[in-house]
Amino acid sequence: MTLLCLAAIWLVGFGLVRWMFPRPVRWSLHNVWLFSLGIGAGAGVASCLYFLVLLLAGPRVTVLVASSGAAIAMPLAIGAALVILAAGLLTRRKGTELQWSDGPAVPWYLTAFLLLAALLAVTMFLGAVIYNPHGDEAAWSVWNLRARFLFRAAGFWRDAFSSDLTWSHTDYPLLLPGLVALCWKLAGQESTDAPIAIAFLFAAGTACLLVTTLGALRGKAYAWLAGTVLLGTPGYIALSAALYGDVPLSFYILATLALLCLQDRRPQDLHPQDLRFTALAGLMAGFAAWTRNDGMMFLVAMIVARVFAVFRFGQRARLGPQLLRLLAGLAAPLAVVIAFRLRVAGPSGLLSPPASAIVKHLADPARWIVIAQGLVVVLFTFGRFLIPMILVLALFWYLVRFQVDARDRAALATAGIALALTLAIQLSVDLFYVDNLPVEIGTSFERVLLQLWPAALLTFFLASGPLQLVASNSQGKLSKEKKAGRPQRRAVETR
Amino acid sequence: MARHQFAVLSLIAIALASTFWFLLDVLGTATHKSQGLSVAGFEDRFNDLRKTVLPHAVYGYLSDNPPTDPSAMPEFHLTQYTLAPAIIKLSPTEDLVIVNYHSKQLDPKLLQSNRLAAIRDFGNGVVLCRRISR
C-alpha cells in the first residue's frame, strides 16, 4: 500500500512536469528525463500540500482519515493523481523535446559499466537497508521521529516542534517527514517501507536526471560516464541508505542547475516558451529549501550566481524575464517554508549564540585553521573511494581538458558559482556559529560535499572537452556532420 | 584516443572498485550479528510501555548508563523515537519517569537517589516510576 501511495505521488509529479513539457508518450530521452524530474516534483508538491492541510485544517482532516482509515484517503489520493496525470498526458502545446546530443560513439564497455554500477549500487542499498531499516541515527532521531509525531499525534502534531525536542533540530523543514507521514496516513499504517522507498527513488532519480541531462547536453558517452561515477560513489549510496535528507537535497540542487543549463541551450528570444525551464528550476530550488536548511543557502547562492552569470555571459535583457520566472517558480514552496518558520518551527539552536560569541569565533585563528584542514581532508576522503576522487578527476582533466561551448558559459558560471558559494556559506556558518568544530567537521563536511556531488559532476562533465573513444565511428560521424553542414561547437579553450 | 580511453577507464575503475570494496563491507556487516545498538531490539524492549503512553504526555528519563557512555544519548534518542508522540525529557524530575536499565536487577539506589518509586515494571529493563514529593 505504501508503494502504491508513492507511485501515486510520483505520477502527480510526472503529470505536472509533463504538463510543462508535453511530448508524445513513448520511450524517449525526454520522457525518462520527465520521469526523473517527476520524483522530486511529486514529492515536493505532496509534502507542501500535506503540511498546508495540516496547518490550516489539521485536526479535522486527521480525524477524517483516522476514523475512516485508508478506505477514503487512498482512493481520493489516487483519483487526484490520475486527474493531474491526465492533465499532463492530454496537454498539447509547443515546446522543446530533449534529444540525445551529438557526441562520440559509445563503446560497449561504457554501457556495461553503467549497468554494473547500477547493479552494485542497488545491491549495496538493499544490503544496508535490510540490515538497518530505520536508517542511521540522524534519520530516526530527526527525520523519522518528526514523521512519527505527524502520523501518531493527531491533533497534537505540533508537539513535534516542542522546545523539549530542540536536540532533534525542530527547525528543520518538513519535505521528508511530511512525505513519509503522508504515505503512512494514506496507507493507514506505519512501516519502514516508506522512508526506504523514498530514499531509493531520490537516489535513482538523481542518477537518471544526471544521465538524461548530460545526454541532452553532451551525448551518451558523458551521460554514461557520469552515471557510472555517481552510482559508483560508495559514500553517496551509503548516505542514501542512511535515510538522511541529504540525497533528496542533492536531487533538488542537481535539478535546479540542470534546468538552468538546459535553459541556456534554448535562447529565450528564439524560444520564449522555453522559459519554463527557468520556472521549473525555481520550483526545484524552492523544494530544496523545503528539504533542509542547507537548501535555503543553496537558494540564495543560486540566485546570486544566476544574476552574475546572465549579467556577465548572457544578454542582460534576458535577466529580467528569467528572474521573474525563477521567482514565480519558487514563490509557492518558499511561501510554505516561510509559513513553517513563522507558525511551526522550533528555534534554531545553531543561530542562537550572541554576537559576542560570533566575534570571538571569528577572531580565533585556530578555528580558521581547523576549517581549512577539515576541508582539505574531506576533499581527499569524501565519497569513500579507494583513491581520492579529486585526484582521479584531476587526471581526467589533464588527459581530456576543458573545452567550454560558448552557449554553456552562463550555465557553467551559474553552476560553478552556485556550488562554490553554497559551500562557502556552509563553511562560514560553521565558522561563525558552531562551538565544537572538530565534531561538526567529522559529521557534516562529507555530507555537505555529497549534497553538491551530482551537480558538481554535471558541471565538470559539461565543461570537459569532447571525448574520442572509438576511432572509426566517431571520425566518420564528425566528417558526416561537416559534410551535412551542421554548425560546429563554438568552443573556448580554457587550458 | 588512447589518452581519452585511459582517462575514462581510470574514472570507472576507481568508482567500481570502490563500490565493490564497500559492498563487501556492507554485506559483511549485514551477515554478522552486531553487538551495537539495534533500533528494532530497542523498540521490542519498549513495546509494552509504548502501548500505554498517550499523545501530548511528558515523561522524564533516567538510565543507568554512565554519562560518558557513548550509547547514553543514542539510547535516550531511541526512547523518544520509540515512544513518540509522547515527549521524553532527559531529566528525572518529571512526575512520571521512564527508567531504562541494563543490569539484571534495577539498583534501588538509582531510584532512591532520584526520589523515584516504581509504578510498573514492563520487563526488559524498562520501569515506569513516579516522582516522590517531599
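Residue numbering restarts at 1 for every chain, and letters A, B, ... go by the order of the sequence lines.
Contact annotation for B/A86: only backbone heavy atoms (N, CA, C, O) come within less than 4.5 Å of a heavy atom of chain A. Contact annotation for A/I387: both backbone and side-chain heavy atoms come within less than 4.5 Å of a heavy atom of chain B. For a residue to count as touching a neighbouring chain, one of its non-hydrogen atoms must lie under 4.5 Å from one of that chain's; by this rule A/L230 does not touch chain B. Of the atoms belonging to A/S162, it is side-chain heavy atoms, and not backbone ones, that fall under 4.5 Å from chain B. Only the side chain of B/L9 has a heavy atom closer than 4.5 Å to any heavy atom of chain A. The contact between A/F461 and chain B is made entirely by side chain atoms (from C-beta outward), counting heavy-atom distances below 4.5 Å.
Highest contact tally toward chain B, considering only A/F385, A/F156, A/Y109, A/W140, is held by A/W140 [criterion: heavy-atom pairs under 4.5 Å]. Contact tally against chain A (heavy-atom pairs below 4.5 Å) for B/Q5, B/R3, B/H56: the top residue is B/H56. Put simply, of A/L114, A/L386, A/L145, A/T233, the one with the most heavy-atom pairs under 4.5 Å next to chain B is A/L386. The residue among B/I88, B/V58, B/L78 with the most heavy atom pairs within less than 4.5 Å of chain A is B/L78. For the options A/M389, A/R158, A/R384, heavy-atom pairs under 4.5 Å to chain B are most numerous at A/R384.
With a 6.0 Å cutoff to the six-membered ring centre and a 45° limit on the axis angle, A/R146 does not count as a cation-pi contact of A/F149.
In this structure, B/F46 and B/F42 have parallel ring planes: the angle between them is below the 30° cut-off, well short of the 60° mark.
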Evaluate side-chain contact (heavy atoms from CB on, under 4.5 Å) for B/T19 paired with A/I237, printing each intermediate quantity in order. CA-CA 9 Å; B/T19 309; A/I237 304 300; 5.9 Å; no
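Taking the side chain as every heavy atom from C-beta outward, A/F396 and B/V8 approach each other to under 4.5 Å. Side-chain contact check for B/V26 versus A/Y131: every heavy-atom pair is 4.5 Å or farther apart.
A distance-only check finds no donor-acceptor pair linking the side chain of B/R120 to the backbone of B/L128 [under 3.5 Å].
Remark: aromatic rings of A/Y172 and A/W143 are close, center separation under 6.0 Å.
In summary, B/R50 and A/E190 do not engage in a salt bridge, as defined by a charged side-chain N under 4.0 Å from a carboxylate O.
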